[in-house]
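The structure under discussion appears below in the form of structure tokens.
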Amino acid sequence: MSDLSIVVTHAGAREERTVTTGTRAWELYADDADVIAARVNGVLCDLAHELRDGDEVEGVAIDSKHGRDILRHSTAHVMAQAVQQLWPDARLGIGPPIENGFYYDFDVETPFHPDDLDKIETAMRKIIKEGQRFSRRPVADAEALAELKDEPYKLELIGLKGSGHGEDAAEGANVEVGGSADGELTIYDNLRRDGNLAWKDLCRGPHLPTTKRIPAFKLMRTAAAYWRGDEKNKQLQRIYGTAWESKDALAAYLAQIAEAEKRDHRKLGRELDLYSFPEELGPGLVVFHPKGGVIRRVMEDYVRRRHIEEGFSYVSTPHISKDGLFHTSGHLPYYADTMYPPMELEGARYQLKAMSCPMHNLIYQSRGRSYRELPLRLFEFGGVYRYEKSGVVGGLTRVRGLTQDDSHSYVTPEQAADEIKHLLNFCLGLFRDFGLEDFYLELSTRGDTPKDKFQGSEEDWATAEAILQQAADESGLELVPDPGGAVFYGPKISIQAKDAIGRTWQLSTVQYDFGQPAGFGLEYVAADGSHQQPVMIHSAKFGSIERFIGVLVEHYAGAFPPWLSPVQVQGIPIAERHVAYLEDVAKQMSERGLRVEIDDSDDRMQKKIRNAQLQKVPFMVIAGDQDMEARAVSFRYRDGRQDNGVPVSEAVERVAAAVASREQV
RNA sequence: GCCGGUGUAGCUCAGACGGUAGAGCGUCCGCCUUGUAAGCGGAAUGUCGCAGGUUCGAUUCCUGUCACCGGCUCCA
């Protein structure tokens, strides 16, 4: 038996080691229970991987990104084994790790019921207890086809891999067949302690050494999902689960989900009396109550003022138009199924608008335009209607009637890059004022999507994508490519913002459009007297005002900063005799434009505090005998802080200052 | 649009092997007049989502439908 020299790396340090032939990776980590896989020469491997001379080896810890993926993928295997135990006719789809967990798809006669999850979890616990070994076995394609003859979906994946489409098979399918440099297929056998085969699956790996190494998991929900993500394919039954390196990590994750549920804008909207979704109106149609109306109005006033400061002109256009307009814009062939159907009147067909750009084009076109007027910037609150599919509407995030803070910049081609940068900066400043600080950009291009889904020439697209790319690069923000995500008339940049609990939301979009100016025959007279076609740049800052309100409610968990709070100050008299005094204080505040209410109900003062607290009012101003005597009030903040005996004039200033600065309190 | 789940008072929820329902909060009416998260007493409240079917009888069982929720697909 000869010796091998290998290099073991850990946290950047390199250590040369000599080991005997036949040494497997796990032997290097026998005393480190956190290591569940190894990276050998940069490739993730099972701990059972046999080392060769010159290998560079690094342990993969279970709480690292890759370690969690391996844990989760292994847990998916355990779940699939459990499902096939309980439902032997279940056929396997794919089972990749995903953010925070994993799923596995099954073709079953009867969809799973939520109660089935308990049964499956029980079976999984048994499998974990058995300490089954995950054992890797390379197989030739023909062998794999023979072994998996009862798994039609796996056969399909093998076939796709054979034809060189392995990567396209489905998102997540490369954990089954992709990745291996030599295109070799592998099967993972789950072996019991006595060596008997418990279960097997086509899989690239790697996996945990044994099922015992799954510290904590939970099945979350069942759902249907189209095979290979295509609506035309059969729906399989998907089970989502989560798995973590420790019971504590699982508990923390579940707590995070519970926190998100507490912030749900649908729930808070009802509790804070902001808005509702009356059944009588129909799905996706929202009414804003007085308190929600305040938030809307403050946002609208703010964004209108900001647009004007940034060189926009505020305009207004109707909600309805003859359908020819949307044919000219090119929207109608593309979006016919998501626009409300036409109304026939006096021989014409009228449609509710689903976007305002065609109408802004009419304003541009209303007279001749000179290059001296460009950039010409139009902005409005466009009420638009989109017949979103019934399964996607929900809350404020996806509605059928919405208000866009929709703007269009008409520019010369040379001005486009600067205008895009201008718009991106505008958006970022705006989000910061709303307390969102953490962003990244997404650049949506054509990618390899069939060209007939997009309008315009190769050159136009190339130019547009290059300009957006450059503007995005210069922003200094992280940029995520989104090939295939472009709109039919041009590429776009979207700004993704992270909220208080780390979720990302797509907010603003900036789109480069050469198609509509061509379709409408838009022109300007250039310096040399020639007629030229402008470029239009679409941008929406909030996107949809409804949706942005939903995001803000969740971001702030309903506890808005004072400038956005429907009620900024709740006046609380200690006894009835203090009401008049507080009314006088309230009057002074109202005169400063502050929103004040006084609770003069029969409730006890403690109850009034509780109510104001539940309504998440930022400032409670309490007054009793001591305060009256001192011409003062007592502050109570949402977090329970108190500041008593504050002179009235100072109290007014304090609230006014907090509102003016848009700070959170 | 597709798959699954859910639908009982304004809200959160309980309940009945089929005999038309209950709690807490809220609301209303009294009493209490109060110092930093629920004072006390009383009252009213529902086509048990809607429409058919089975049944002597359906809120309960069946079918359809609408709405919502979780996913999938989609998102100008």
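Numbered from 1 within each chain, the chains take letters A, B, ... in sequence-line order. All values derive from a computational prediction rather than experimental measurement.
- Side-chain contact of A:E465 with A:T445: a donor-acceptor pair under 3.5 Å is absent, judged by distance alone.
- Near RNA chain B, meaning a heavy atom under 4.0 Å from it, residues 262-275 of chain A has A:R266, A:R270 in order of number.
- Contact of A:E388 with B:C75 (side chain to base): no donor-acceptor pair of N or O atoms is detected under 3.5 Å.
- Counting any heavy atom pair closer than 4.0 Å across all strands shown, A:F488 reaches no nucleic acid atom.
- Pairs passing the side-chain hydrogen bond (donor to acceptor under 3.5 Å, both in side chains) check and including a residue from residues 319-328 of chain A, sequence neighbours excluded, read A:D323-A:R349.
- Remark: ring of A:Y335 overlaps the six-membered base ring of B:A76 in a stacked fashion, centroids less than 5.5 Å apart, planes less than 30° apart.
- Spacing between B:A76 and B:G4 at atom C1', rounded to whole Å, works out to 31 Å.
- Atom pair A:K389:NZ and B:U73:P shows a separation of 10 Å (rounding to whole Å applied).
- One donor-acceptor pair, N or O on each side, does fall under 3.5 Å between the base of B:C74 and the side chain of A:R398.
- As judged by a 4.0 angstrom heavy-atom cut-off over every strand, A:P573 is placed among residues making no nucleic acid contact.
- Within 4.0 Å (heavy atoms only), A:T509 reaches no atom of the nucleic acid at all.
- Rounded to whole Å, atom P of B:A76 lies 13 Å from atom CG of A:D337.
- The distance from atom CD1 of A:I537 to atom P of B:A76 is 18 Å, rounded to the nearest whole Å.
- The gap from the C1' atom of B:C28 to that of B:A67 amounts to 31 Å, rounded to the nearest Å.
- The base-pairing partner of B:U65, taking Watson-Crick or G-U wobble contacts with both distances under 3.5 Å, is B:G49.
- As a whole-Å value, the separation of A:F102 CZ from B:G71 P is 16 Å.
- A ring pair (Phe, Tyr, Trp, His ring centres under 6.0 Å) with A:Y240 is found for exactly one of A:F217, A:F102, A:F112, A:Y103, namely A:Y103.
- Place A:P283 and A:H113 on RNA chain B by their nearest nucleotides, and A:H113 ends up nearer the 5' end.
- In this entry the distance linking CD of A:E279 with P of B:C69 reads 11 Å, nearest Å.
- As the counterpart of B:G30, B:C40 is assigned, both hydrogen-bonding distances of the Watson-Crick or G-U wobble pattern falling under 3.5 Å.
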Checking A:D499 against A:W505 for the side-chain hydrogen bond (donor to acceptor under 3.5 Å, both in side chains) test, could you report, in this order, the C-alpha distance in whole Å, the side-chain angles of both residues, the deciding distance, and whether it holds? CA-CA 8 Å; A:D499 73 8; A:W505 303 87; 3.0 Å; yes
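- Distance check on atom P: B:A14 versus B:C2 gives 30 Å, rounded to whole Å.
- The two residues A:H360 and A:D406 make their nearest non-hydrogen contact at CE1-O, 3.8 Å.
- The same atom, C1', is picked in B:C50 and in B:U59; the two are 13 Å apart, to the nearest Å.
- The number of heavy-atom neighbours closer than 6.0 Å to CD of A:E650, taken from other residues, nucleotides and ligands shown, is above 12.
- A:A225 comes within 4.0 angstrom of sugar-phosphate atoms only, judged by non-hydrogen atoms across all strands, and of no base.
- Only the P atoms considered, B:G26 is 15 Å distant from B:G42, to the nearest whole Å.
- Atom pair A:L285:CG and B:C66:P shows a separation of 16 Å (rounding to whole Å applied).
- Side-chain to base pairing of A:Y226 with B:G1: one donor and one acceptor N or O lie within less than 3.5 Å of each other.
- Of all nucleotides listed (B:C3, B:A76, B:G70), B:C3 comes nearest to the side chain of A:Q235.
- For A:D115, the CG atom counts as densely surrounded, since its 6.0 Å shell holds more than 12 non-hydrogen atoms of other residues, nucleotides or ligands.
- Rounding to the nearest 0.5 angstrom, the gap separating the CG atom in A:D264 from the CZ atom in A:R270 is 8.5 Å.
- Across all strands shown, B:A58 forms no Watson-Crick or G-U wobble pair with both key distances under 3.5 Å.
- For B:G70, the paired nucleotide is B:C3, the pair qualifying as Watson-Crick or G-U wobble because both relevant distances are below 3.5 Å.
- Counting any heavy atom pair closer than 4.0 Å across all strands shown, A:H538 reaches no nucleic acid atom.
- Counting any heavy atom pair closer than 4.0 Å across all strands shown, A:Q511 reaches sugar-phosphate atoms only and no base atom.
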For a quick check, with a 4.0 angstrom heavy-atom cut-off, what is the B/S/- contact string for nucleotides 32-43 of chain B, read 5' to 3'? BBBBBBBB----
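- When A:F488, A:Y334, A:W461 are each tested for a ring pair (Phe, Tyr, Trp, His ring centres under 6.0 Å) with A:F454, only one passes: A:W461.
- Residues A:I501 and A:Q256 form no side-chain contact, since every pair of their non-hydrogen atoms from C-beta on lies 4.5 Å or further apart.
- Nucleotides B:G46 and B:A23 place their C1' atoms 15 Å apart, quoted to the nearest Å.
- A:E109 contributes atom CD, which lies 8.5 Å from atom CG of A:D107 (distance to the nearest 0.5 angstrom).
- Each of A:Q404 and A:F112 was matched to the nucleotide of RNA chain B holding its nearest heavy atom; the match closer to the 5' end belongs to A:F112.
- Counting heavy-atom neighbours within 6.0 Å of A:K616 NZ, excluding the residue itself, gives a total above 12.
- Between B:U45 and B:G22, the two P atoms lie 11 Å apart (nearest whole Å).
- Here A:V392 lies in heavy-atom contact (under 4.0 Å) with a base.
- Using a 4.0 Å cut-off, no side-chain N or O of A:Y103 falls inside it from OP1 or OP2 of B:G71.
- On the P atoms, B:U47 is 7 Å away from B:G10, given to the nearest whole Å.
- Within the shown strands, B:C11 is the pairing partner of B:G24 under the Watson-Crick or G-U definition, both distances less than 3.5 Å.
- Remark: A:R400 is not positioned above the aromatic ring of A:Y385, lacking an NZ or CZ atom under 6.0 angstrom from the ring centre and at most 45 degrees off the axis.
- Across all strands shown, B:G18 remains unpaired; no Watson-Crick or G-U wobble contact has both distances below 3.5 Å.
- A:F277 comes within 4.0 angstrom of nothing in the nucleic acid, heavy atoms only.
- Among the heavy atoms of the strands, none lies under 4.0 Å from A:K608.
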